[in-house]
Amino acid sequence: MTRLQAASARVRRSPATGSGLLVCAPLRLEARAVRRGLRGTSQVSAGQAGAAQVVAAGYGPRRASARAAALRQQPFAALAVAGTGGGLAADLQPGDLVVASEVSDGHNVIACASAALLAGELRRAGLRVRVGRVVTVDHLVRGTERERLAATGALVADMESAVLARAADGRPLAVVRAVSDTPDRPLVSPGALGGGLAALRSLRAAGPALARWAAAAGERQVLLAGPRSFCAGVERAIEIVERALDQQGAPVYVRKQIVHNSHVVAGLEERGAVFVDELSEVPDGACVVFSAHGVSPAVRSEADQRGLTTVDATCPLVAKVHAEARRFASDGYLVALIGHEGHEEVEGTLGEAPESVALVQTAEDVGELQPADPGKVAYLMQTTLAADEAADIAEALRERFPAARAPGSDDICYATTNRQRAARAVAADSDLVLVAGSANSSNSVRLVETAQRAGATAYLIDGPSDIELSWLAGVSTIGLTAGASAPPAVVQDIITALGGLGSVEVSERVITTENIRFSLPKEVRQS
Ligand code: SF4
């Protein structure tokens, strides 16, 4: 069993019985707010999940416990516990929603694996949402007890959630609490009524998202594309920044995002990396890392003139394209660079010989080229292009300039090519393809396009909270891949979140394996 298969086994649940969404709200007022929010939601009233039922389970753990035991026997497909709660974290405001990642009564912890999916849906509905632990106690929380519970990492306290959650009994579970009171506005205060009303309004507004969450519940297969996620160039770039931080301490400056992924950037920022757009933002005497996408010679010379310590994390396969641009330009060729305007890699390569390199983004652009000598045209490619699209443009170049020189070896790198082939392979057998990657990641965007060209519905997601629940309704097989800059942990997070909607069977379609490693630059080689 692979690591991912083992993970899928962990999120596998017993088969759902019955159909429809059951919402448990402790108080009648809370139940009424949710019921009003659910009114008219076709996903639940007419969709595959059947009709929604909202019950007022009663106030406090004793009543909740009796109700949970009875509800456990009922046929329903998914359980949502919804109500108001006391905010523990200082930055919560009345009306904020807390979606539980887990609920705890101090003894037992019940995970709510699909929390990120529901939270994303609520945010897209315009609500303020946090994801975290909800703690259930047997009394109203006041004064310093809020601080004590907040120190454990809990966001909200209530008196029923952990007890009612037991009614799920292996079926999909969501817990949503709307903050009614906070450390600054406790229950007995002039603002208490306003806080309670704000919480009820948020509960009502959450209704449609709960309906979509229930409609998305069901057993699924996840077909993993292999290879996916980090390539050798990205691993090397991240390791360079980590080693620079270890050796020199924070801050270490990085020009541009080290790789195009929000999780990677946030993780390195937490360790002390400071990402800047231009060298002018780097203090004199500081250390600056050049990103995996490469830089132009002008940036290198600016760093030299300023006396900055530099470490170059340019991927060796990008550096190869730079070297080809220099060689063709010095031999008197006009270099057509097939790529996307504004991408950092393209800017760096154009900067190698600005007078001799022209950007070509489409086959139509080929007609605009004005070489001094039509017999001396060469072409190069951005490393992360879609192979089939780039081939069409190269074909147009060869048609117009039959003597056009091609790069010595493929510029589109092995990692891009392999991930595109793997995405095509899973797209053929999937109802939906999800590509983990950030919106500014060229190779991730190309994976979405590749899957779409293969006939699949495909979306780019930075993480599970980007998955729109309507995409999942009626979908039984999901192809899953990740761009070369997306961490493997994000893929696992997505599988875990899907597992919160029902049993998930994970299999992997590996079209090739990769064992490429690039050596580190000498500046950081000594650990
Ligand atoms: S995608 Fe290719 S060119 Fe880009 S960093 Fe990875 S290996 Fe290097």
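For ligands, and for the atoms within them, numbers begin at 1 and follow the listed sequence.
Atoms of ligand 1 found under 4.0 Å from any heavy atom of Cys315, numbered from 1 in the order shown, are 3 (S), 5 (S), 7 (S), 8 (Fe). For ligand 1 and Thr383, the ligand atoms under 4.0 Å from any heavy atom of the residue are 3 (S).
Between the side chain of Ser296 and the backbone N or O of Gly351 there is no donor-acceptor pair closer than 3.5 Å. The main-chain N or O of Asp277 is found under 3.5 Å from a side-chain atom of Glu281 such that the two form a donor-acceptor pair.
Closest to atom 1 (S) of ligand 1, if we only count protein heavy atoms, is Cys413 SG, 3.6 Å.
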Exercise. Could you walk me through whether Asp365 and Thr362 pass the side-chain hydrogen bond (donor to acceptor under 3.5 Å, both in side chains) check?
Worked result: CA-CA 5 Å; Asp365 288 351; Thr362 63; 3.2 Å; yes
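Atom 2 (Fe) of ligand 1 has no N, O or S atom of Cys231 inside 2.8 Å of it.
Side-chain contact annotation: Gln257 with His293, donor-acceptor N/O pair under 3.5 Å absent.
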